[in-house]
Amino acid sequence: MAGRKRQEADDLQVYLDKALGMGAADARVIKASTIRCESWVRLKCQFGCGGYNKRLTCPPFTPTAEETARVVACYGRAILIHADDNDIVNEIVPKLEREIFLSGRFKALGFGSGPCRLCKRCNTGALCKYPYLARPSMEACGIDVFTTVRTNGLDIEVVRTKRQKGDYYGVILVD
Ligand code: SF4
């Protein structure tokens with residue numbers, strides 16, 4: 001059983017290494033069942049975030065926590081990616097998602113961190129200009145990032161001051 005587990009982690013090791021090579025601070029294979037989806041997360045986007053309703057990758061354009069939970073339940077494994085910058089996460093996620101997909105894992109589906117910043121202004125009345133690159137953030141889809149990350153033994157703290165460095169996460173549902 002332990003051997004099988006190791007083999008399952010090993011077959012995704014190449015993507016963990018690539019994430020690290022692209023600037024991630026950490027990347028690990030996690031059980032998709034540890035991804036926690038909670039209804040309150042969306043309200044934190046709606047009340048208290050200036051980005052609400054401004055980007056196609058943010059609420060109200062993104063799936064609810066309940067919809068995301070149903071999607072997550074279709075998967076066994078995921079790759080959790082940690083970086084000290086939103087942009088690093090958002091560059092890694094679509095690239096790796098594509099590589100994983102092309103390797104034959106056709107269900108690969110990525111979620112980034114924070115609002116999409118690919119366009120200066122997002123035209124929310126039209127289709128996305130860069131659909132191959134823009135991914136919704138974990139939190140925009142109702143994922144409780146804090147609990148998910150801590151459950152998997154990684155660090156994340158509430159940012160209390162402008163000087164404090166944040167922890168940013170993305171996740172790719174694999175298979
Ligand atoms: S790529 Fe541009 S159009 Fe698409 S979500 Fe991001 S900002 Fe909006």
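Just so you know, ligand 1 is whichever comes first in the structure, and atom 1 is the first atom listed for that ligand. The basis for the numbers below is simple: all heavy atoms, side chains too, and nothing from hydrogens, waters or symmetry mates. Being a predicted model, the structure only gives us computed values, none of them experimental.
Grouped by direct or indirect side-chain proximity (heavy atoms under 4.5 Å, Ile/Leu/Val/Met/Phe/Trp/Tyr only), Phe47 sits with Leu43.
At distances below 3.5 Å, not a single donor-acceptor pair connects side-chain atoms of Ser113 with backbone N or O atoms of Tyr168. When atom types are taken as modelled, the side chain of Lys95 and the backbone of Glu91 share no donor-acceptor pair closer than 3.5 angstrom.
Only protein N, O or S atoms were considered, and those under 2.8 Å from atom 8 (Fe) of ligand 1 are Cys122 SG.
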Hey, mind stepping through Ile35 and Ile30 against side-chain contact (heavy atoms from CB on, under 4.5 Å) and telling me if it holds? CA-CA 9 Å; Ile35 297 172; Ile30 63 167; 4.0 Å; yes

Would you list the atom pairs, donor with acceptor, under 3.5 Å between side chains in residues 156-164 and any protein atom, with sequence neighbours excluded?
unit_1	atom_1	unit_2	atom_2	d
Thr161	OG1	Gln164	N	3.2
Gln164	OE1	Arg160	N	2.8
Gln164	NE2	Val158	O	3.0

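Considering only residues two or more places apart in sequence or on other chains, Glu38 meets the side chain to side chain contact (heavy atoms under 4.5 Å, CB included) condition with Arg36, Trp40, Val41, Asp144.
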